[in-house]
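Below is one structure; the comments refer to it alone.
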Amino acid sequence: MNIDLEIFSPVQPISNPMFDARGVKVLIKRDDLIHPMISGNKWRKLKYVLKRAQHQHKIHLVTFGGAYSNHLLATAAAAARFGFKSTGIVRGEQVDNDTLFLCRLHGMQLQFTNRDSYRDKPALFQQFFGNNGQAFFIDEGGASAEGALGCSELVDELPETYDHIFCACGTGTTAAGIINGLGNHQLKTKFNAVPVFKNGGFIKNEIDRFLTVAADFNVHTGYHFGGYGKANDELINFIKKFVADTGILIEPVYTGKMMYALFDQVEKGAFKPGSKILAVHSGGIWGLLGMKEKFDRWSF
Ligand SMILES: *Cc1c(COP(=O)(O)O)cnc(C)c1O
């Protein structure tokens, strides 16, 4: 089977009176529309990894993640789509939630492991699959040169040039791929990384690891809202308004923080009038499932 998805990820304008007042144009690259489960950057990061698995005649994908991991779900769905078996090794004691339900629905076997053992993923793989010649190790989060290569293809699809690109960052692999893509096309577009972790300055080095070109980019460390998976009313209210205004679903873990950063930077006048700014919707809307209780659902 050919491991590929037909990419549907249009660039769409986002209108907002504040953007008009600042004289900037904002658009969004809809990687969330690539696939309902294998969404956004998770497909781009898996693509070449899965091709290598197939090339090596492996039929059982083994990967790792937290109980709300978009990567686990994407891997489960990609395994089902392309005819692999899959196992997800999940950090922490046995739990059940909506994300893990969807993983299981796609045929993924789940193996829970304590937080200490979880740190050494190659050792876990060895322990459970050391004797299984059909098993294929995929690291958590897909941080790899292959992952970055897949993400660089986003830039090949852009219909025009932009002054700025914004993207949410976890491992920084997606960011590195996009920056490489910009370099490949000799574009002057400035990349704006929005780390979703506290003390996100370290992301600079993580991104640098996978760069194939020297590049200067912005890192906006002030939009973590307390850290990974954390949110406050300010962020939640921003997301509610954005979704209701645009019909584009974003969530508090990644894309909500990225979009908040973009709005805040525009509002503060960081971009000169006439600037064109592209937000990358990196997918992951199922992240909402783990954050439902942050939304006071009966208040709106
Ligand atoms: C995983 C994820 C990211 C982070 O990607 P990295 O390549 O690890 O930086 C960003 N956005 C969404 C929606 C994700 O699911």
Side-chain angles (χ1 to χ4, degrees), residues 9 28-49 63-78 88 99 102-103 138-155 165-181 191-197 200-211 217 219-221 223-225 227-229 231 235 239 242-243 248-262 279-291:
S9 172
I28 185 165
K29 170 86 168 133
R30 297 293 306 275
D31 266 13
D32 56 317
L33 299 180
I34 291 176
H35 187 281
M37 302 284 154
I38 321 171
S39 90
N41 66 344
K42 297 300 183 279
W43 162 246
R44 295 190 187 276
K45 294 208 288 188
L46 279 171
K47 178 176 161 185
Y48 289 104
V49 174
T63 196
F64 304 82
Y68 287 100
S69 163
N70 292 330
H71 165 73
L72 273 188
L73 178 53
T75 306
T99 305
L102 288 171
C103 287
I138 301 178
D139 210 346
E140 178 179 30
S144 62
E146 277 168 327
L149 176 63
C151 293
S152 73
E153 295 175 354
L154 179 151
V155 181
I165 292 187
F166 273 73
C167 185
C169 292
T171 64
T173 310
T174 305
I178 295 173
I179 296 169
N180 289 339
F191 186 85
N192 291 261
V194 182
V196 300
F197 293 97
F202 75 90
I203 204 73
K204 169 111 189 39
N205 293 330
E206 296 299 304
I207 293 174
D208 281 342
R209 283 202 300 152
F210 296 119
L211 289 188
F217 53 91
V219 180
H220 300 280
T221 54
Y223 300 101
H224 59 76
F225 292 89
Y228 183 74
L235 178 63
I239 290 171
F242 180 87
V243 176
I248 298 170
L249 205 50
I250 56 174
E251 46 66 49
V253 183
Y254 291 105
T255 48
K257 291 179 182 179
M258 178 279 298
M259 199 54 82
Y260 186 103
L262 187 158
V280 174
H281 194 315
S282 41
I285 53 170
W286 299 106
L288 270 174
L289 297 175
M291 302 289 278

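For ligands, and for the atoms within them, numbers begin at 1 and follow the listed sequence.
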Which of the numbered atoms in ligand 1 are below 4.0 angstrom from a heavy atom of [X]?
| X | answer |
| --- | --- |
| Thr173 | 7 (O), 9 (O) |
| Lys45 | 5 (O), 6 (P), 7 (O), 8 (O) |
| Cys169 | 9 (O) |

message: Counting non-hydrogen protein atoms only, what is the nearest one to atom 11 (N) of ligand 1? Give residue, atom name and distance.
response: Ser282 OG, 2.7 Å
field: atom 2 (C) of ligand 1 - nearest protein heavy atom and its distance
entry: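 It is Lys42 NZ, 2.4 Å.
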May I ask you to identify, for [X], whether its side chain, its backbone, both or neither come under 4.0 Å of ligand 1 on a heavy-atom basis?
| X | value |
| --- | --- |
| His71 | neither |
| Asn41 | side chain |
| Thr174 | both |

message: Would Lys42 and Tyr254 count as a cation-pi pair here, with the cationic atom under 6.0 angstrom from the ring centre and within 45° of the axis?
response: yes
When you compare the side chain of [Y] with that of [X], does any pair of heavy atoms fall below 4.5 Å?
| X | Y | answer |
| --- | --- | --- |
| Lys29 | Ser9 | yes |
| Asp31 | Asn41 | no |
| Ile138 | His71 | yes |
| Lys45 | Thr174 | yes |
| Ile165 | Val280 | yes |

Contact between ligand 1 and [X] is defined here as a heavy atom of the residue under 4.0 Å from a ligand atom; is it met?
| X | result |
| --- | --- |
| Ala175 | no |
| Gly172 | yes |
| His281 | no |

query: Do any N or O atoms from the side chain of Ser39 and from the backbone of Asp32 form a donor-acceptor pair under 3.5 angstrom?
result: no
- request: Measure the OG1-CD1 distance between Thr255 and Ile285 for me, rounded to the nearest 0.5 Å.
  value: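 Reported to 0.5 Å precision, the distance equals 9.0 Å.
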